[in-house]
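Have a look at the structure below, then the notes.
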Amino acid sequence: MTGRLPRTVLAVLALGGLVPPASAAGPPPGATSCSGCHAPAGRVAAPSIPPINGLPAADLVRAMEAFRTGGQPATVMDRIARGFTADETRAIAQWLEALR
Amino acid sequence: MTAVRRRAVLGGMLATPFLSRLASGQAAGRVVVVGGGFAGATAARALRRADPALAVTLVEASPAYLACPFSNEVIAGLRDMDGQRFGYDGLAADGVAVVHGTARAVDPAARRVELADGTVLPYDRLVMAPGIDIRWDGLDGYDEAAAQRMPHAWKAGAQTLLLRRQLEAMEDGGLVVMAAPANPFRCPPGPYERASLIAHYLKTRKPRSKLLLLDAKDAFSKQRLFTDAWARLYPGILEWVPLSQGGKTVRVDAANLTLETEFGSHTAAVANVIPPQKAGAIAAAAGVADRTGWCPIDPVTFESRLQPGIHVLGDAALAGAMPKSAFAANAQAKVAALAVVAMLRGEAPTEPRLVNTCYSLVGPGYGISIAGVYRPRNGVLTDIEGAGGTSPADAPPEIRELEADHAATWFRTITAETFG
Ligand SMILES: Cc1cc2nc3c(=O)[nH]c(=O)nc-3n(C[C@H](O)[C@H](O)[C@H](O)COP(=O)(O)OP(=O)(O)OC[C@H]3O[C@@H](n4cnc5c(N)ncnc54)[C@H](O)[C@@H]3O)c2cc1C
């Protein structure tokens, strides 16, 4: 039963065009702000800002930590990364990892 | 699998409002969005994406949107108006019902919006994002007729092109006078970006001309970065007159292109008056604007402090430390859409974190920025300490160039997310 449960739920959700509540897998605080600058890959012409959707969470956490401490050069990410705690950053990273 | 077992799984996994919806087979609710700018268009899309069962109707007065960010480049002849224009097909493709019309009245008790053509739209929750209106009673002598002689160009469109044509028609040696308002107003760094780019136009096209920037304030956004750049790029061309030195414009005479300050008067060849502003008129009609002309909101849900069931976003809102910017409008809309969906389901909205970044061009290839990260605290959106701030004062030209590139990327990204 345990192994089958998620698949069962998905199958049920597929009925009648219903979707799970956003809050179940909704974005954690701060996560929706990033897409103001970071477009998904291929979405805009010649972006000077790299896409971050789908980035492995550990890489994103490492980059944010480096921006916070000045270990990675930045024009703006240092100023943004300092607004998030390590926990908040981890949650954002996990959510972004699943996006395309 | 039997129906009974299916129910058991759902009951174990999902919240009750979803179950009752499943039982009744009804849509999750009706949301009407008034205003299809950076805030409203983003909200309409985000609502549909967060819950495709929602019926979302966007009411927008114009057939196409003309974006203000980068419109200062249009004024300075660095860019065409075509690059500012965005349509609503992308929203329609997301299942938003787009209605082109003007909201005239809101009945918060009956939960209905009435359009100028008499159409009535009932809602469960209303999102209002009408942007700004000019306070035509805010500056002596500055009315709608005066704006045809002394454009404000603070809403992109005909006004933007009028100011550009006036600059093009001006003889070399002419005096351009700009008037900047007191806080709060749309786009705090906007007047200073505009002054920079007009100065660039004068330097390259009308080198005997000058720009006088009359200011009703003694301090402004990214001030050090702007004034350093002006000293380097536009010496002898751009003069800023702060409040304490007679910068406040108290009266204008459009017929003679004269601006009167507390200390004297200036007659211009071209005058750009950025007048005091307020939330778009429908906000007052709906009872969500307070005596300041702006709309107080709850910082978690963006629900009006004055009318329950109505959420106010973007320039119209009093959003604490967040400035009135396109970036902020888009960011607020994404947060508010999730809150609206949660409230319709009877769930508690999550406490948000928000980001804002405003890029400005001081000249071609010379960008600067100011950023902030915000959280609700004591009922208002507050700066998170230690985060945010401006680009460094001593950055080398390569960094200024990178930031100019990032500004352009930001514009392509945010307009794609909002309208694309
Ligand atoms: C010169 C200039 C430069 C700027 N540069 C930048 C920048 O570089 N970066 C940045 O982040 N911001 C910038 N801004 C600020 C930015 O333009 C605004 O903050 C942003 O447009 C706010 O979005 P909004 O959705 O709240 O309002 P708006 O964009 O004004 O949208 C409001 C919409 O509502 C519609 N509407 C109003 N009333 C009704 C009604 N009753 N019925 C139906 N429709 C209605 C209007 O037609 C309009 O389309 C700049 C502004 C100016 C003037």
Side-chain angles (χ1 to χ4, degrees), chain A residues 1 4-13 15-40 42-52 67-68 70 73-85 87-89 91-92 99, chain B residues 1 5-6 9-10 12-15 17-18 21-22 25 46 49-53 327 330-331 334-335 338 341-342 345 347 350-357 367 369-375 383-384 386-391 395 399 402-403 405-406 408-410 412-417 420:
Chain A
M1 185 67 202
R4 269 171 47 207
L5 213 133
R7 241 188 305 139
T8 320
V9 172
L10 280 176
V12 170
L13 292 173
L15 295 175
L18 294 167
V19 292
S23 49
T32 56
S33 285
C34 314
S35 59
C37 290
H38 292 276
R43 186 82 167 95
V44 302
S48 62
I49 303 174
I52 54 172
F67 285 135
R68 250 193 305 273
T75 55
V76 71
M77 278 313 297
D78 48 347
R79 290 178 266 154
I80 292 173
R82 282 190 215 111
F84 296 95
T85 64
D87 284 348
E88 288 165 350
T89 305
I92 291 172
L99 288 192
Chain B
M1 189 183 193
R5 279 185 61 203
R6 197 181 290 161
V9 170
L10 277 170
M13 299 297 290
L14 302 165
F18 179 73
R21 248 169 62 208
L22 187 73
R49 287 180 181 184
D51 190 344
F327 191 112
N330 166 272
K334 289 179 279 187
V335 163
L338 293 170
V341 168
R345 288 180 177 150
E347 293 166 9
T350 316
E351 186 190 86
R353 298 287 179 276
L354 289 120
V355 175
N356 176 68
T357 304
S369 63
I370 181 163
V373 188
Y374 312 89
R375 62 174 299 174
D383 271 300
I384 290 176
T390 66
S391 315
I399 296 292
L402 253 180
E403 289 223 280
D405 289 347
H406 293 336
T409 292
W410 164 75
R412 290 196 295 275
T413 300
I414 201 156
T415 53
E417 183 176 63

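Naming convention: chains lettered A, B, ... in sequence-line order (proteins, then strands); numbering from 1 in each chain. Owing to the predicted nature of the structure, the values given are computational and were not obtained by experimental measurement. These values consider heavy atoms only, across backbone and side chains, with no hydrogens, waters or symmetry-generated copies.
- Put simply, the side chain of A:Thr75 never gets that close to the backbone of B:Glu403: no donor and acceptor are under 3.5 Å apart.
- Side-chain atoms of A:Arg68 come within 3.5 Å of backbone N or O of A:Phe84 as a donor-acceptor pair.
- Under a 3.5 Å cut-off, the side chain of B:Arg353 and the backbone N or O of A:Gly83 do not form any donor-acceptor pair.
- Both the backbone and the side chain of B:Ala371 come within less than 4.5 Å of a heavy atom in chain A.
- Counting heavy-atom pairs closer than 4.5 Å to chain B, the top residue among A:Pro47, A:Ser35, A:Ala31, A:Gly30 is A:Ser35.
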Step by step, would you call B:Ile384 with B:Tyr374 a side chain to side chain contact (heavy atoms under 4.5 Å, CB included)?
CA-CA 5 Å; B:Ile384 290 176; B:Tyr374 312 89; 5.8 Å; no
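- Heavy atoms of B:Thr357 lying under 4.5 Å from chain A belong exclusively to its side chain.
- Heavy atoms closer than 4.5 Å to chain A are found in the side chain of B:Thr350, but not in its backbone.
- One finds no salt bridge joining B:Asp383 and B:Arg375 here, because no Lys/Arg side-chain nitrogen approaches an Asp/Glu carboxylate oxygen to under 4.0 Å.
- Put simply, of A:Ala39, A:Ala46, A:Cys34, A:Cys37, the one with the most heavy-atom pairs under 4.5 Å next to chain B is A:Cys37.
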